[in-house]
Amino acid sequence: MSDESSGTLANLAHEERRFDPPAEFAEHANLTAEAYDEAEKDRLAFWAKQAERLDWDTTWEKVLDWDNPPFAQWFVGGKINAAYNCVDRHVENGNGDKVAFHWVGEPEDDTRDVTYADLKDEVSKAANALVELGVETGDRVAIYMPMIPETAIAMLACARIGAPHTVVFGGFSSDALANRLEDCDAKVVITSDGGYRRGAPSALKPAVDEAVEKAEELGHTVRKVLVVRRTGQDIEWDDDRDVWWHELVDAQSTEHECEFFDSEHPLYVMYTSGTTGKPKGILHTTGGYLVGCAYTHWGIFDLKPETDVYWCTADVGWVTGHSYGVYGPLANGTTSVMYEGTPDTPDKGRWWQICEKYGVTIFYTAPTAIRTFMKWGDDIPTKNDLSKLRLLGSVGESINPDAYVWYRETIGAGTAPIVDTWWQTETGSIMISPLPGVTSSKPGSAMKSIPGVVVDVVTEEGESVPNGSGGFLVVKEPWPSMLRTLWGDDERFKDTYWSKFEKQGYYFAGDGAKKDDDGDIWLLGRVDDVMNVSGHRLSTTEIESALVSHPKVAEAAVVGAADETTGQAVCAFVILKESALKEGEKAPDSLIQELRQHVQKEIGAIAKPRQIMVVPELPKTRSGKIMRRLLKDVAEHREVGDVTTLADSTVMDLIGEGMDSEDTKES
Ligand code: PRX
């Protein structure tokens, strides 16, 4: 563990507060303490029982095949259709009139309720439309959409015909989209003209046009682009390639006979940042993934489908939006809220107005949002009646105790249990969390692995650390919703997650963690070159590559520096090419802004550096590795740590001088 982490370890030891579930909540909780014993006694039998909450066309012969680790197969021989489980079966069970989504557009009064019966019709029509476009089982379909019902419909239509989808976050650039289209060989792209953000239409289709062109340069052809009309913006149109959703989908039959696929049939690929510049395509398959999502959504959120109204604020472009915005809630027949826009449009009370209007009972969001609301002030949420909220969730990064207590007091009326859920794109569903009706929770700790999952904190040698110590977070046993591989790259899959503790056969999550004196787990952040900005993963290397692709940049180093609101913020150090400036000239502000824009164009707004510092040198070890730790000290305004391993120890003085001369530009 680094010095910083051990400092954090010491701080955490002082947290004494405990929050017990209210008695009434505990009495009716879906998961009780017995679930731990049951899972421990026979883990596979426990998972088989969870799998029974789904409808299988053919039951599995074997719960787990782990003969060829790390390549797992779950519910072997079982046949299942994810869309049937999320939609049709609820209609067949007499719940067709139940609302699946209370959809709220960003413009006020732009709302739509979509029932399960509506969803069945729409998903069937979209599935027929995809077939008409030539999409076959196994083909990949990319989805680049705002938060509108058609996005979930598109995902489910893909699942229905067994065409794995890859949803690319609408905030990502055309370059990022192009690389993903090429990497997974997407045949069709589903998009919209745009969506509403911050009170105005924000275009999406132009980025798709650019991405399709760029993908072509990379040797990949997208056959068709299916376009939802959302904003009515002017867009370019290619008659051979582009198809309007309202023309093609609306003309289809509402009948579509679904096929049941092997439990291990690919459901989707979700790209996430790794430690290299190339994003990793995380592959999730059907049966195990859906079991993981349905079980955790029911158990960790204590879902009572008859009465609860649930809202997960995550965009569907991230894994949280997949597992807890679409697949988990729909598999459980939940009524959910889906909101298109930003929390501050038209005013900072928008989320709470929505909670009041729909009587939201379960609310799941990220610490960065909670800290933003804290900053905006208590008087905003307290204007609305939030008394129906009975459970709150947090995900994406550690929730600091202050934010935890504010969330509980101000949003949860001082009574709602908070589930601080740790998991990853790779794990597919929640792995570490309190059980809301059981656990006496500690603010800032995700507590321990949920029943059925075996997580531990281990030393470099793979030994379990004693209570009170820190180490690496690992998963010791396979779990149903685990990633199966990286799309097209089994070797990278093995290398990234399974090589560090190969002897023990542990999955290495890339996070550092600590067990406190009771054995409860406190997450300490990534131990690799991955940053966590607003709960989203960004790779330092990917941003560095974006910066050096600018003609004026010679070298770049990027670190994630602590940030009060976003957890971490992107801070970049760049060395300019000699030709970029005249002798003795300081980097003008316009150039810094140009570099920030360049990163936005290459990756997306989320990766845009908060700060870019122009420096004469970068600190490197003798083997040429950039010592990001020292740069982090600078970015976080700390005294610079040990420089003895630097090839040239005067470098930090040079950087320091550069800082003094004010080459730091913040926006
Ligand atoms: O570092 C951990 C952090 O987010 C990473 C996973 O990011 P991603 O795949 O984008 O998925 C985010 C949503 C599941 C983890 O490796 N992380 C996630 N949840 C928590 C967390 N860190 C601390 N506490 C959490 N509850």
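For ligands, and for the atoms within them, numbers begin at 1 and follow the listed sequence.
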What pairs of residues pass the side chain to side chain donor-acceptor pair (under 3.5 Å) test when at least one of them lies in residues 410-420, not counting sequence neighbours?
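Matches after skipping sequence neighbours: W406-T410.
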Return a table of N or O atom pairs, ligand 1 on one side and protein on the other, at distances under 3.5 Å, rounded to 0.1 Å.
{"residue": "ligand 1", "atom": "1 (O)", "partner": "D511", "partner atom": "OD1", "Å": "3.0"}
{"residue": "ligand 1", "atom": "1 (O)", "partner": "D511", "partner atom": "OD2", "Å": "2.9"}
{"residue": "ligand 1", "atom": "4 (O)", "partner": "G396", "partner atom": "O", "Å": "3.3"}
{"residue": "ligand 1", "atom": "9 (O)", "partner": "T425", "partner atom": "N", "Å": "2.7"}
{"residue": "ligand 1", "atom": "9 (O)", "partner": "T425", "partner atom": "OG1", "Å": "2.6"}
{"residue": "ligand 1", "atom": "9 (O)", "partner": "R537", "partner atom": "NH1", "Å": "2.8"}
{"residue": "ligand 1", "atom": "16 (O)", "partner": "Q424", "partner atom": "NE2", "Å": "2.9"}
{"residue": "ligand 1", "atom": "16 (O)", "partner": "D511", "partner atom": "OD1", "Å": "2.9"}
{"residue": "ligand 1", "atom": "16 (O)", "partner": "D511", "partner atom": "OD2", "Å": "3.3"}
{"residue": "ligand 1", "atom": "16 (O)", "partner": "R526", "partner atom": "NH1", "Å": "2.8"}
{"residue": "ligand 1", "atom": "17 (N)", "partner": "G396", "partner atom": "O", "Å": "3.2"}
{"residue": "ligand 1", "atom": "19 (N)", "partner": "G396", "partner atom": "N", "Å": "3.1"}
{"residue": "ligand 1", "atom": "24 (N)", "partner": "E397", "partner atom": "O", "Å": "3.4"}
{"residue": "ligand 1", "atom": "24 (N)", "partner": "S398", "partner atom": "N", "Å": "3.3"}
{"residue": "ligand 1", "atom": "26 (N)", "partner": "D420", "partner atom": "OD1", "Å": "2.8"}
{"residue": "ligand 1", "atom": "26 (N)", "partner": "T421", "partner atom": "O", "Å": "2.7"}

I need the minimum non-hydrogen distance between W47 and P451, along with the two atoms involved.
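Smallest heavy-atom distance, with atoms named: CZ2-O, 4.4 Å.
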Heavy-atom distance under 4.5 Å between the side chains of T372 and P343, does that happen here?
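No, side chains not in contact.
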Pairs under 3.5 angstrom only: tabulate donor-acceptor contacts from the side chains of residues 397-405 to other protein residues two or more places apart or in another chain.
{"residue": "E397", "atom": "OE1", "partner": "R371", "partner atom": "NH2", "Å": "3.3"}
{"residue": "E397", "atom": "OE2", "partner": "R371", "partner atom": "NH2", "Å": "3.1"}
{"residue": "S398", "atom": "OG", "partner": "L523", "partner atom": "O", "Å": "3.2"}
{"residue": "N400", "atom": "OD1", "partner": "R371", "partner atom": "NH1", "Å": "3.2"}

Residue pair D489, K280: steps toward the salt bridge (Lys or Arg N to Asp or Glu O under 4.0 Å) verdict:
CA-CA 9 Å; D489 203 345; K280 302 176 292 197; over 6 Å; no
Can you list everything that forms a side chain to side chain contact (heavy atoms under 4.5 Å, CB included) with A314? Sequence neighbours excluded, please.
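Residues passing side chain to side chain contact (heavy atoms under 4.5 Å, CB included) with A314: C312, T320.
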